[in-house]
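Have a look at the structure below before the remarks.
Chain naming here is simple, since letters A, B, ... match the order of the sequence lines and numbering starts at 1 in each. Note that the coordinates shown come from a computational prediction; the quantities given were computed from them, not determined experimentally.
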2 protein chains.
Amino acid sequence: MRLIVARCAVDYTGRLTTHLPMAVRLLMIKNDGGVSIWHDGGSAVKPQNWMTPPTVVELQEDEATGALKHMVVRKRAGATEDRLDIAIAEVVSDVTHDMGEAAALEKDGVEAHLQELLAEQPHWCGEGFRLVRREWATDIGPVDLMCRDAEDGWVAVEIKRVATIEAVEQLTRYLERLRAEDPAMAEVKGVLAAQQIKPQARVLAESRGMRCVEVDLAVLRGEREPDLTLFMV
Amino acid sequence: MRLIVARCAVDYTGRLTTHLPMAVRLLMIKNDGGVSIWHDGGSAVKPQNWMTPPTVVELQEDEATGALKHMVVRKRAGATEDRLDIAIAEVVSDVTHDMGEAAALEKDGVEAHLQELLAEQPHWCGEGFRLVRREWATDIGPVDLMCRDAEDGWVAVEIKRVATIEAVEQLTRYLERLRAEDPAMAEVKGVLAAQQIKPQARVLAESRGMRCVEVDLAVLRGEREPDLTLFMV
DNA sequence: ACTTAGATTTCGCCG
DNA sequence: CGGCGAAGTCTAAGT
């Protein structure tokens, strides 16, 4: 990984055009050709400009001094070309570090995990629910959980970490499809289960007859008791 | 901005838990407390771990050698705390650069710009269209443009850079809502305007009676004449 | 190769 | 401050 700190101005042309006036910035250049440009202010996570690999990086140096003068990062984007033009006025620092082999990030607690926990404890989706199958296939995609309720009726459960209107649309499509595909599922119900359900999503879901369930990861893991105050209102 | 290259292992706990095994990585620490952790492989744009400001950064040094041993980044996240634990085995490099004041990115060509241009020239959405309001509020979100057509009928316009099936669904929801909310809008029509309309989106839109309009940013800006060949077919 | 859905999405606007 | 929609979203998985 090469790290260049330099006073530079940057122009990007591609899906849109952007311009960065002259200032001191960090240029991070990865071995795979990925380039990102950083300033001390602004986002901790998002670079001011970037180019994802595969790219072609061209460096142009001053003939007399050998100093880095210009850097162009190019990338094929369909018929056209994405281009990052970096005009360098002064190089403050320029170092390269070998970081060895990749070390992957291990995650725990994402939507997939939530699905596992709810599959093991489907009663959190609704009283008396039993799991029939995870990832129940339809021809427009898999339903997260397919359950039977206490009255033995079919229930499709859509699981999200944060449920927005999009989640409601997705569940709507599944219900439509299931009801059309299989006469036994003509009455299939829908449940939206999420750690957080946005108000508009709740309104739309309930207007379409879906039940909304907010679940707590800690409770699902048995690390915490359910909030009993809910039942004392 | 402080740049530390170090052999380290990282644990994050917060919205989820993650672990990074010992490896050489770059730690980018901004003056505002933003921290991001990078490896040479993987994404050019997304760090392996990060914490957005405001944060509290604690550094722990070896008593004998003064070498950096441990770094903890903490952040309030509602009731709980997000935490980034960085165990440092070896510091390869540790430099700080003053990057001066912020230098903002100037953008051109995004959806907001497209919406401005179409608001000024609604006739590109349809012959004889007049703008009534931008960002017309409904209780499931704002309609990009609300217009009247040549026959004085209401038209809701949804604007996208690239229109997918999602855009059609969004417009469908708005039309549904408008027709239900207001008797005067019982007949409101829909127009999907985008720089690019995906074939599947076009099929779905037209099957639902929406009109599709592909617009050219350069034409909207008056930089280029409309493609007359369209009228010669 | 292309499409779809998730993301510690992040970011910006508007209430 | 929270909610919602866009993003040069990016990325990984499935078809």
Side-chain angles (χ1 to χ4, degrees), chain A residues 12-18 34 36-37 42-53 75 77-78 80 82-84 104-105 107-115 135 137 139-142 144 158-167 169-170 173 194-204 217, chain B residues 12-18 34 36-37 42-52 75 77-78 80 82-84 104-105 107-115 134-135 137-144 158-167 170 173-174 194-195 198-201:
Chain A
Y12 164 75
T13 54
R15 286 182 255 193
L16 52 72
T17 48
T18 68
S36 55
I37 299 171
S43 167
V45 158
K46 197 181 173 192
Q48 288 191 308
N49 272 123
W50 70 93
M51 192 85 80
T52 51
K75 180 183 182 180
T80 62
D82 277 19
R83 189 186 172 94
L84 210 45
L105 181 69
K107 286 185 190 185
D108 181 20
V110 290
E111 187 193 309
H113 202 102
L114 193 60
Q115 191 189 110
E135 304 285 342
D139 57 5
I140 55 166
D144 287 335
E158 176 63 32
I159 298 169
K160 286 278 181 286
R161 207 177 61 76
V162 179
T164 63
I165 271 184
E166 254 332 286
E169 294 289 12
Q170 197 179 341
R173 287 197 296 271
Q195 284 183 264
Q196 193 197 335
I197 299 178
K198 296 286 183 188
Q200 290 189 344
R202 187 181 292 273
V203 168
L204 186 64
L217 206 57
Chain B
Y12 165 74
T13 53
R15 284 187 259 193
L16 51 74
T17 42
T18 69
S36 57
I37 299 171
S43 167
V45 159
K46 196 181 174 191
Q48 287 191 309
N49 272 124
W50 69 91
M51 191 88 77
T52 52
K75 180 183 181 178
T80 62
D82 277 20
R83 189 186 172 94
L84 209 47
L105 180 70
K107 284 189 186 181
D108 184 18
V110 288
E111 188 193 306
H113 202 105
L114 195 59
Q115 192 190 107
R134 280 175 64 185
E135 304 285 343
T138 77
D139 57 4
I140 54 164
V143 178
D144 287 335
E158 177 63 33
I159 299 168
K160 284 278 181 288
R161 203 176 57 77
V162 179
T164 63
I165 276 185
E166 249 337 282
Q170 197 180 342
R173 286 197 299 274
Y174 290 142
Q195 282 183 271
K198 296 283 184 190
Q200 290 183 344

Distances under 3.5 Å between protein N/O atoms and the N/O atoms of nucleotides 11-15 of chain D, please, pair by pair.
residue, atom, partner, partner atom, Å
D/dT11, OP1, B/Ser43, OG, 2.2

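- When each of D/dT9, D/dG5, C/dT8 is scored by its nearest atom to the side-chain atoms of A/Leu105, the top-ranked nucleotide is C/dT8.
- Considering only side-chain N and O atoms, B/Arg161 lies under 4.0 angstrom from the phosphate OP1 or OP2 of D/dT9.
- Nearest-nucleotide mapping onto DNA chain D: of A/Thr18 and B/Tyr174, the residue sitting toward the 5' end is B/Tyr174.
- For B/Asp108, the side chain to side chain donor-acceptor pair (under 3.5 Å) partners at least two apart in sequence or on another chain are B/His113, B/Arg221.
- Looking at the side chain of A/Val110, the nearest of the listed nucleotides C/dA7, D/dG8, D/dG3 is C/dA7.
- Not counting sequence neighbours, the partners of B/Arg15 by the side chain to side chain contact (heavy atoms under 4.5 Å, CB included) test are A/Arg161, B/Tyr12.
- Considering only side-chain atoms of A/Leu16, the nucleotide from C/dG6, C/dT8, D/dG8 that sits closest is D/dG8.
- Taking each heavy atom of B/Gln48 and A/Leu105 in turn, the nearest pair found is O-CD2, 3.5 Å.
- Listed by chain and residue number, A/Lys160, A/Ala167, A/Leu192, A/Ala194, A/Ile197 satisfy the side chain to side chain contact (heavy atoms under 4.5 Å, CB included) test with A/Ala163 (two or more places apart in sequence, or in another chain).
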Tabulated below should be each protein N or O lying under 3.5 Å from an N or O of nucleotides 12-15 of chain C; please produce it.
none

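- Neither OP1 nor OP2 of D/dG5 sits under 4.0 Å from any side-chain N or O of B/Arg173.
- A/Lys75 pairs by the side chain to side chain donor-acceptor pair (under 3.5 Å) definition with A/Thr52, not counting sequence neighbours.
- Within 4.0 Å (heavy atoms only), B/Gln200 reaches sugar-phosphate atoms of the nucleic acid but no base atom.
- D/dT9 and D/dG5 have their C1' atoms separated by 13 Å, given to the nearest Å.
- Which of D/dT9, D/dG5, D/dC4 sits closest to the side chain of A/Pro199 comes down to D/dC4.
- Scored by the side chain to side chain donor-acceptor pair (under 3.5 Å) test, A/Glu169 finds A/Arg208, B/Arg173 as partners (sequence neighbours excluded).
- For A/Gln196, the side-chain atoms get nearest to D/dG3 when compared with the rest of D/dG3, D/dG5, D/dG8.
- Applying the side chain to side chain donor-acceptor pair (under 3.5 Å) test to B/Arg134 and every residue at least two apart in sequence or in another chain returns B/Gln115.
- At a cut-off of 3.5 angstrom, counting only N and O atoms as typed in the model, there is no donor on one side facing an acceptor on the other between the side-chain of B/Asp82 and the base of C/dT8.
- Closest to the A/Glu111 side chain, of the nucleotides D/dA7, D/dC4, C/dG6, is C/dG6.
- The shortest distance between the side-chain N/O atoms of B/Gln170 and the OP1/OP2 oxygens of D/dA6 is below 4.0 Å.
- B/Lys198 meets the side chain to side chain contact (heavy atoms under 4.5 Å, CB included) test with B/Val162, B/Thr164, B/Gln196, B/Ala201; sequence neighbours excluded.
- Using P as the reference atom, C/dT8 and C/dT4 are 22 Å apart when rounded to the nearest Å.
- Pairing analysis of DNA chain D (Watson-Crick: purine N1 to pyrimidine N3 plus N6-O4 or O6-N4; G-U wobble: N1-O2 and O6-N3; both under 3.5 Å) yields stems of 3 or more pairs at C:1-7 with D:9-15, C:9-15 with D:1-7.
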